[in-house]
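Since the structure comes first, as structure tokens, the remarks are kept for the end.
Index from 1, following the sequence.
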Amino acid sequence: NIVVAATEVHFFDWDENYVKGVDWYRSLMPFSYGNQITIEKTPGYFTSPQAPERIHDMNSSIKLLLILRDPTERVISDYTQVYYNRLESHKPVQLFEDIVIKNGALNTKYKAIQRSLYDVHMEKWLKHFSLDQIHIVDGNTLIKDPLPELQ
């Protein structure tokens with residue numbers, strides 16, 4: 001009873017899509033029946049500074065689903081994906097340690113680390129939505145034992 005948009009829509013986080021308006025956004029949603037829930041997933045919304053307010057302006061009573069994983073694992077996974085993409089493209093790669101550590105400290109300017117600072121991003125969302133509107137799912141549990149998480 002759930003229908004999902006085919007791609008990441010990037011409506012609320014990309015200005016060039018947001019200016020197209022809500023009708024454009026809705027045109028990207030799949031057909032659904034009254035008993036179905038229509039969703040879209042764009043991970044970039046969580047870290048976007050403007051997405052919480054834009055979503056709230058569209059629907060202040062919306063229910064949000066936030067799937068997170070261990071932040072350290074998330075950083076390593078992000079690095080690994082970029083690393084192998086660069087290898088396949090015959091582009092130079094950097095060692096993980098050289099990116100994550102700068103001058104003996106955690107490199108908080110590294111995008112993967114910025115995205116994994118969940119408390120910073122969650123603070124922005126809680127300015128617009130109550131915690132009972134945000135269902136937080138442990139992504140590792142979802143992968144290992146999906147049925148209880150789906151229920």
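Applying the 6.0 Å contact sphere to CD1 of Ile37 captures no more than 12 heavy atoms from other residues, nucleotides or ligands. Within 6.0 Å of OH in Tyr118 there are more than 12 heavy atoms belonging to other residues, nucleotides or ligands. Around the NZ atom of Lys20, the shell of radius 6.0 Å holds more than 12 heavy atoms that belong to other residues, nucleotides or ligands. More than 12 heavy atoms of other shown residues, nucleotides or ligands fall within 6.0 angstrom of atom CD in Gln114. Within 6.0 Å of CD in Gln81 there are 12 or fewer heavy atoms belonging to other residues, nucleotides or ligands.
The main-chain N or O of Tyr45 is never found under 3.5 Å from a side-chain atom of Ser48 such that the two would form a donor-acceptor pair. The backbone N or O of Ile62 lies less than 3.5 Å from a partner atom in the side chain of Gln133, making a donor-acceptor pair. Proximity of a side-chain donor or acceptor of Asp13 to a complementary backbone N or O of Ala51 within less than 3.5 Å is not detected. With hydrogens and angles disregarded, a donor-acceptor distance shorter than 3.5 Å links the side chain of Asn17 to the backbone of Val9. With Arg54 contributing its side chain and Phe12 its backbone, the two residues share a donor-acceptor pair below 3.5 Å. With Glu88 contributing its side chain and Asn85 its backbone, the two residues share no donor-acceptor pair below 3.5 Å. Checking side-chain atoms of Tyr79 against main-chain N and O of Phe96 turns up a donor-acceptor pair under 3.5 Å. The backbone N or O of Pro92 sits less than 3.5 Å from a side-chain atom of Arg86, completing a donor-acceptor pair.
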task: Start with the C-alpha distance between Val100 and Leu106, add both sets of side-chain angles, then the distance that settles side-chain contact (heavy atoms from CB on, under 4.5 Å), and finish with yes or no.
output: CA-CA 6 Å; Val100 173; Leu106 186 65; 3.7 Å; yes

Verdict with reasoning, Leu142 to Ile67, per side-chain contact (heavy atoms from CB on, under 4.5 Å): CA-CA 9 Å; Leu142 180 63; Ile67 303 172; 4.0 Å; yes

message: The test is side-chain contact (heavy atoms from CB on, under 4.5 Å); show your working for Asn107 and Ile101 and say whether it passes.
response: CA-CA 5 Å; Asn107 178 12; Ile101 306 295; over 6 Å; no

task: Give the intermediate values and the outcome of side chain to side chain donor-acceptor pair (under 3.5 Å) for residues Tyr25 and Glu40.
output: CA-CA 10 Å; Tyr25 173 70; Glu40 68 110 335; 3.1 Å; yes

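Clustering ILVMFWY residues whenever any of their side-chain heavy atoms sit less than 4.5 angstrom apart, transitively, puts Val22 in the very cluster that holds Leu64. Linking Ile, Leu, Val, Met, Phe, Trp and Tyr residues whenever their side-chain heavy atoms come within less than 4.5 Å places Tyr110 and Tyr83 in a single cluster. In the hydrophobic cluster analysis, where Ile, Leu, Val, Met, Phe, Trp and Tyr join through side-chain heavy atoms closer than 4.5 angstrom, Ile113 is grouped together with Ile76. Residue Leu28 is not grouped with residue Ile39 when hydrophobic side chains (ILVMFWY) are merged at heavy-atom distances under 4.5 angstrom, including chains of intermediate members. Using a 4.5 Å cut-off between side-chain heavy atoms of Ile, Leu, Val, Met, Phe, Trp and Tyr, with links allowed through other members, Ile99 and Leu87 fall into the same hydrophobic cluster.
Taking the side chain as every heavy atom from C-beta outward, Lys127 and Pro52 never approach each other to under 4.5 Å. With a 4.5 Å cut-off on side-chain heavy atoms, Ile55 and Trp125 count as touching. Counting heavy atoms from C-beta outward, Val3 and Phe31 have side chains that stay 4.5 Å or more apart.
Leu131 contributes atom CG, which lies 5.5 Å from atom CD1 of Ile136 (distance to the nearest 0.5 angstrom). Between the CD atom of Glu73 and the CG atom of Asp78 there is a distance of 13.5 Å, given to the nearest 0.5 Å. The NE2 atom of His135 sits 6.0 Å away from atom CD of Glu149, with the distance rounded to the nearest 0.5 Å.
Shown here for Arg74 and Arg115, the closest heavy-atom pair between the two residues is NH2-CD, 3.4 Å. The minimum heavy-atom distance between Ile143 and Pro146, with the atom names listed, is O-CD, 3.9 Å. Shown here for Val75 and Ala112, the closest heavy-atom pair between the two residues is CG2-O, 3.6 Å. Taking both residues in full, the closest heavy atoms of Met122 and Leu66 are given as SD-CD2, 4.0 Å, listed atom of the first, atom of the second, then distance. Residues Asp145 and Pro148 come closest through the heavy atom pair O-CD, 3.2 Å.
Listed by first and then second residue, the side chain to side chain donor-acceptor pair (under 3.5 Å) pairs that reach into residues 90-104 come to none, sequence neighbours excluded.
Salt bridge absent: Asp132 and Lys63 never bring a charged side-chain N and a carboxylate O closer than 4.0 Å.
Every residue meeting the side-chain contact (heavy atoms from CB on, under 4.5 Å) condition with His121, not counting sequence neighbours, appears here in chain and number order: Phe46, Thr47, Lys124.
Defined by atom type and a distance below 3.5 Å, a donor-acceptor pair is present between the side-chain atoms of Ser77 and Arg69.
Ring geometry for His10 versus Trp14: interplanar angle under 30°, hence parallel rather than tilted (30 to 60°).
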